[in-house]
Protein chains: 2
Amino acid sequence: MARRSITKAAVTKAGTHVTAEDVARTLGVSQSTISRAFSMTASISDEMKLKVIKAANKLGYQPNVIARSLITRRTNMVAIVMANLVDPFYPVVLDELVQQVQSRGFQTLLFVPSPGQDVDDIMPNLLQYQVDAIVLTSATISSAMARICAARDTPVVSFNRYVPGLQIHAVSSDNIAGARQVADFLVATGHERPAFISGERDATTNRDRRNGFVSRLKQLKMNSCIQEEGGDFSYEAGYAATKRLLRRAGHPDALFFACDVMAIGGIDAARELGISVPEDISIVGYDDVPMAALPSYSLTTIRQPIREMAKAAVDVLDLAEPRGMKSGPTTRMIPGSLITRSSTMNRRAPVRVGKASRR
Amino acid sequence: MARRSITKAAVTKAGTHVTAEDVARTLGVSQSTISRAFSMTASISDEMKLKVIKAANKLGYQPNVIARSLITRRTNMVAIVMANLVDPFYPVVLDELVQQVQSRGFQTLLFVPSPGQDVDDIMPNLLQYQVDAIVLTSATISSAMARICAARDTPVVSFNRYVPGLQIHAVSSDNIAGARQVADFLVATGHERPAFISGERDATTNRDRRNGFVSRLKQLKMNSCIQEEGGDFSYEAGYAATKRLLRRAGHPDALFFACDVMAIGGIDAARELGISVPEDISIVGYDDVPMAALPSYSLTTIRQPIREMAKAAVDVLDLAEPRGMKSGPTTRMIPGSLITRSSTMNRRAPVRVGKASRR
DNA sequence: TTGAAAGCGCTACCAG
DNA sequence: CTGGTAGCGCTTTCAA
């Protein structure tokens with residue numbers, strides 16, 4: 001026993017690893033008092049609190065949040081799962097999400113599934129870290145996994161995807177309404193042969209954008225909408241699909257892409273074929289990524305309100321509450337807005353629509 | 001049917017916090033045994049291990065890594081501090097770093113300093129989480145903070161910056177050598193009035209690129225290098241600096257920017273002024289961000305070997321070792337390579353240099 | 001190989 | 001308001 005305390009004292013002296021116990025000893029108070037000085041709920045005299053803080057600073061003491069977590073059952077960590085960091089849409093999403101998380105006094109544990117790994121595979125690992133909440137971006141989990149999270153009272157929100165019936169929260173922009181705005185706009189500006197180029201076939205974002213677009217065109221008595229499969233949401237997919245489409249007969253006069261990055265690939269493909277944008281063909285994207293505003297592309301698109309979406313997503317996790325999902329799963333759809341730039345033009349009065357703006 | 005209800009029961013129980021104790025009780029063994037089944041160093045019979053794992057799965061038990069951390073003093077978390085997620089260089093860096101961290105069985109705790117907050121401000125918070133190591137991207141800490149980390153045996157590596165004399169590891173690309181390659185290339189292709197447009201004035205990346213460029217030009221008997229201050233590494237800074245520079249007399253025939261994003265701003269600015277790239281002026285960037293390869297820009301640049309840099313950064317943290325910095329701070333500089341595209345041309349034989357390539 | 005017991009550093013409850 | 005005391009869930013001696 002004696003040997004043990006000698007060792008401990010030596011370690012303390014070395015400056016490594018100062019504990020509340022150490023601070024208590026130098027002050028001749030109890031360890032509980034040190035704890036109270038760093039808690040905002042516990043009652044402690046201002047005088048004592050000041051004394052403790054001062055001593056703590058001198059010794060370099062910082063409460064160990066890991067030890068705290070063990071007893072409070074809260075780690076103050078939110079897991080964010082994000083499969084694709086490189087597509088320009090996601091850095092903005094991550095930035096806004098992390099800001100929201102941090103502004104509530106929480107930290108972000110970031111999980112990037114390796115290629116070929118799906119979210120369910122990483123969930124067990126993630127849950128071991130006892131995170132207080134989980135944000136899934138452009139991904140979903142199985143209903144079995146959703147049940148496990150519910151049983152643990154760990155709220156989960158899906159960002160930019162939703163699965164009807166799945167017992168997790170969801171926040172996305174209103175993709176159907178956004179796509180309808182595009183249809184309205186293209187028809188109003190005199191386009192007669194619109195096409196939709198899809199991204200990842202089964203993603204809800206893709207389906208909603210396509211369905212909203214096609215169904216609104218039908219309502220407007222425009223029954224022929226060419227469709228081309230891109231396969232995924234990449235630049236390469238947009239580029240390749242555009243080349244295929246434009247080489248075939250019956251050229252469309254407007255292309256609506258499932259996302260901006262694809263649309264930018266589409267613009268480059270059209271230009272390579274000697275087809276001018278917007279004189280020969282109008283191009284519309286979805287997202288309003290930073291690149292869409294560059295003068296070389298100046299892409300007409302639907303702006304996703306990422307900041308509000310991120311705020312809504314983190315709000316619904318209800319981090320201030322002790323734990324759990326209070327009110328059953330919520331689905332929130334936030335409307336986007338049409339940003340007209342010069343990748344589209346009015347074919348009734350052949351003047352460029354919108355104005356070029358740099359970034 | 002029967003199996004189904006068992007599963008359901010297990011999940012329900014999972015809600016009430018399955019601990020090693022619970023698994024031990026159902027198996028009639030000690031809690032220590034459960035612990036040993038999930039440890040790879042402890043000795044346990046294969047038979048027992050299997051039995052424990054099976055029971056654990058049935059009950060939905062997962063070891064609580066927070067509790068484990070308290071005693072092992074290792075959280076298996078690496079903090080990554082990244083101030084700017086939006087500039088296209090950083091998503092790639094983050095992606096590679098996280099891959100490296102995860103591939104070693106660690107997780108990433110991501111810190112994004114809010115505007116106006118510097119890294120020293122967030123370090124105390126970060127250290128409370130008892131992370132095993134810290135990666136700072138494009139940022140440094142005070143020497144006082146470096147000493148605190150050293151005292152705690154928490155290794156720190158600075159990615160893409162270095163501070164001579166600071167007791168932390170550093171990994172960056174060899175910016176001086178890269179800039180020299182640019183100078184060599186521009187002189188070899190007949191440029192006579194080069195200019196350098198700087199980014200953030202005091203960043204080591206900026207200083208090394210400028211100094212490497214200017215000093216190499218001098219060696220090559222080209223003593224006049226125009227310099228223009230951009231102020232920061234943004235598109236806007238590159239755009240504005242280019243406008244200022246090109247409106248003044250004595251037009252340069254080549255612009256070397258402190259980074260790609262600035263160079264892209266520069267291309268847009270030049271085009272707006274009716275100056276053709278590369279016919280009237282050659283433009284070179286630094287980084288090789290994904291956008292640099294787009295046909296609209298097709299930017300000649302120095303490619304930073306981000307994957308190797310990320311690997312080197314995480315390697316130097318020596319995560320496999322119990323703790324601490326074994327061998328004093330290391331500084332590694334990894335060479336980049338010149339990628340010639342069509343934003344530059346050979347002014348001796350006026351034909352475009354390099355070939356356009358999409359992304 | 002296994003079980004019992006002692007903590008890791010902290011919070012939370014109970015008296016005083 | 002403060003000190004004592006009991007754990008949080010786990011790893012790790014030390015015996016058996």
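Just so it is clear: chains get the letters A, B, ... in the order the sequence lines come, proteins before strands, and each one is counted from 1.
Under 4.0 angstrom from either OP1 or OP2 of D/dT11 there lies no side-chain N or O belonging to B/Thr72. Contact annotation: B/Ser30 does not reach the phosphate of C/dA4 (side-chain N/O to OP1 or OP2, under 4.0 Å). In this model, the phosphate group of D/dC1 is not approached by any side-chain N or O of A/Thr33 to a distance below 4.0 Å at OP1 or OP2. Between D/dT11 and B/Ser35, a contact under 4.0 Å exists linking OP1 or OP2 to a side-chain N or O.
With hydrogens and angles left out, the side chain of B/Arg36 and the base of C/dG3 share a donor-acceptor pair within 3.5 Å.
Comparing B/Leu70 and B/Thr41 by the nucleotide of DNA chain D that holds the closest heavy atom to each, the one mapping nearer the 5' end is B/Leu70. Comparing A/Ser32 and B/Gly28 against DNA chain C, the residue whose closest nucleotide sits nearer the 5' end is B/Gly28.
The distance between atom CZ of B/Arg74 and atom C1' of D/dT12, rounded to the nearest whole Å, is 17 Å. Atom NE2 in B/His17 sits roughly 9 Å away from atom C1' in D/dG9 (whole-Å rounding). Atom CG of B/Asn76 is separated from atom C1' of D/dT11 by 14 Å (rounded to the nearest Å). Nucleotide C/dT2 holds its C1' atom 13 Å from the CD atom of B/Glu47, rounded to whole Å. Following rounding to the nearest Å, B/Asn64 (CG) and C/dC8 (C1') show an atom-to-atom distance of 13 Å. Separating the CD atom of B/Glu21 from the P atom of D/dC10 is a distance of 9 Å, rounded to the nearest angstrom. Separating the CZ atom of A/Arg73 from the P atom of C/dA12 is a distance of 12 Å, rounded to the nearest angstrom. Atom pair B/Gln31:CD and C/dC8:C1' shows a separation of 14 Å (rounding to whole Å applied).
Among the nucleotides D/dG9, D/dT2, D/dG7, the one closest to the side chain of A/Ile71 is D/dG7. The side chain of A/Pro63 has C/dC10 as its nearest neighbour among D/dG9, D/dT11, C/dC10. With C/dT2, C/dC10, D/dT2 as the candidates, the nucleotide lying closest to the side chain of B/Ser45 is C/dT2.
Checked by atom type, the side-chain pair A/Ser142/A/Asp120 shows a donor-acceptor distance below 3.5 Å.
Within 4.0 Å of B/Phe38, counting heavy atoms only, lies no atom of the nucleic acid at all. B/Val29 comes within contact range of the sugar-phosphate backbone alone, with a heavy-atom separation under 4.0 Å but no base atom that close.
Under the 3.5 Å distance criterion, the side-chain polar atoms of A/Thr72 are matched with a main-chain donor or acceptor of A/Arg74. In terms of modelled atom types and a separation under 3.5 Å, the side chain of A/Ser45 and the main chain of A/Met48 share a donor-acceptor contact. Not a single donor-acceptor pair under 3.5 Å links the side chain of A/Gln100 to the backbone N or O of A/Leu97.
Ring pair B/Tyr61/B/Phe38: centre-to-centre distance below 6.0 Å.
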